[in-house]
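Only one structure is covered here, and it is reproduced in the block below.
This one's a predicted model, so the numbers in the text were calculated from it and none came from an experiment. Each ligand, and each atom within it, is numbered from 1 in the order the structure gives.
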Amino acid sequence: MLKVSLISLGCAKNLVDSEIMVGHLHQAGMAVVPDATSADVVIINTCSFIDSSKEESIGHILEAHRHRGLKKLHGQKLIVAGCMAQRFAKDLPGALPEVDAFIGLDQLTTVAPIIEGLFARPRGPAATPENFVTPRPAFIPDFDTPRFRLTPRHLAYVKIAEGCNHPCTFCIIPQIRGRHRSRTVASVVAEARQLIADGVRELNLISQDTTFFGMDTWDERPSPRTPVDSSRGAALTTLLRELNALPGDFWIRLLYTHPAHWSDELIRTIAECPKVARYVDMPLQHISDRMLTVMQRETSSAHIRGLVRRIRAGVPGIALRTTFIVGFPGETEADIDELCEFVRETRFERLGVFRYSQEDGTRAAKLPGQIPAKDKERRWHRVMALQQAVATELGQAQVGRTLRVLVETPGVARGEADAPDIDGRVLVPSTHPVGVFAPVTITGSRDYDLLAV
Ligand code: F3S
């Protein structure tokens with residue numbers, strides 16, 4: 001029996017791809033092992049979002065190659081999968097001859113026969129790696145796609161769509177993952193039903209743009225600004241209502257929504273569906289109109305400000321998570337002042353800030369006015385310090401409240417306002433059983449975490 005070890009890098013979308021590969025390896029009778037030393041094959045599922053993720057991916061590849069040399073695992077095969085393999089399909093086989101094969105996003109379901117082929121056709125010492133990557137990926141999983149979950153039993157990521165049609169000038173992901181393609185409502189609901197029966201208590205809906213779900217199937221083509229509207233065809237609101245109607249005690253969490261597609265129908269749907277967590281992840285990237293225009297975010301400062309007000313009014317108690325990019329080409333001190341003022345007045349419950357990364361192949365990389373690293377750093381610290389003060393105040397305001405939390409590990413839980421691996425934690429007595437909901441009373445706060453009994 002062939003043994004395979006897999007390292008999954010990058011985001012939750014890549015993790016689902018890893019789960020699909022593991023599902024297919026199991027189906028083919030291969031064993032997936034945690035330790036590379038005992039493996040016949042090592043797969044590295046890479047990320048290529050920004051420079052640091054590329055460096056991390058290359059570091060893992062070289063380390064896996066070094067490890068097989070040190071341990072004299074001369075027959076071990078090294079496969080590179082995922083976003084970096086897809087993005088640099090032409091260049092990587094020449095640049096990384098240590099690798100045995102590169103596979104892309106359309107080869108997730110054929111990983112097992114690819115491995116068998118590598119063992120059937122021994123490679124000569126000077127041969128270049130085999131390259132299976134195909135351009136313009138089109139794959140999207142279905143409810144019955146073999147998959148082995150790598151998350152704890154009580155939570156799952158559900159990829160409701162793949163690809164992205166937005167033209168953001170800083171982002172390489174649409175070029176890697178292709179055009180937006182949605183699953184059907186029935187497919188997602190069938191998968192959710194299985195997951196809930198399997199003990200899942202939290203369904204995290206993910207894609208590049210969850211708000212665009214279904215819109216690519218409409219008769220009348222939507223624009224990158226079209227609002228969610230179930231009268232025109234399948235839509236996120238249809239999906240949320242069907243998931244909310246499934247029996248069982250679970251949360252539905254919405255990640256990666258785009259402000260341009262939010263509608264009153266979506267706000268009303270969240271308010272009317274008690275199983276949808278009072279939490280929304282909506283990357284905004286900036287608030288200055290000048291920056292939003294050069295970023296090609298398909299939205300404006302006025303739209304965002306109005307939308308935040310409508311969401312807060314329509315879903316009382318909702319926690320808003322967002323991300324901003326600082327140091328984008330041409331950003332001025334006045335743009336940062338405006339962003340800081342917006343952060344101060346909006347008081348986001350959760351907020352992340354990225355320093356702009358100049359990525360080859362994106363339009364923003366060629367823009368004039370690139371910002372020096374030290375200025376990016378200073379701006380990053382300025383916004384983060386502001387948010388730290390907001391988070392401390394918001395944490396203290398929770399003291400005395402009773403929250404429903406999902407216990408993750410002994411002594412550590414998450415509330416509705418905390419997405420897995422991204423947000424804070426609620427520290428609870430370790431007697432609470434793992435994987436179940438528990439009511440707790442907040443007794444204190446520490447940085448981004450809450451303490452509870
Ligand atoms: Fe995710 Fe990195 Fe790919 S963030 S979509 S794994 S480029």
| request: Flag the pair R290 and D335 as a salt bridge only when some basic side-chain nitrogen lies within less than 4.0 angstrom of an acidic carboxylate oxygen. | output: yes

| On the ring face of Y256, is K13 found with NZ or CZ under 6.0 Å from the centre and within 45° of the axis? | yes

| said: Show the atoms of ligand 1 that are less than 4.0 angstrom away from any heavy atom in S48. | reply: 2 (Fe), 7 (S)

| atom 1 (Fe) of ligand 1 to C83: any N/O/S contact under 2.8 Å? | no

| remark: If you scan protein heavy atoms around atom 5 (S) of ligand 1, the nearest is R177 NE, 3.3 Å

| field | Under 4.0 Å to a heavy atom of C11 - the qualifying atoms of ligand 1, by number | value | 1 (Fe), 4 (S), 5 (S), 6 (S)

| request: Mark yes or no: R321 above the aromatic ring of Y279, with NZ or CZ under 6.0 Å from the six-membered ring centre and no more than 45 degrees from the axis. | output: no

| Lys/Arg-Asp/Glu bridge criterion (N-O < 4.0 Å) met for R446, D449 | no

| Are H261 and H166 near enough that their ring centres are under 6.0 Å apart? | yes

| Those atoms of ligand 1 less than 4.0 Å from some heavy atom in C47 | 2 (Fe), 4 (S), 6 (S), 7 (S)

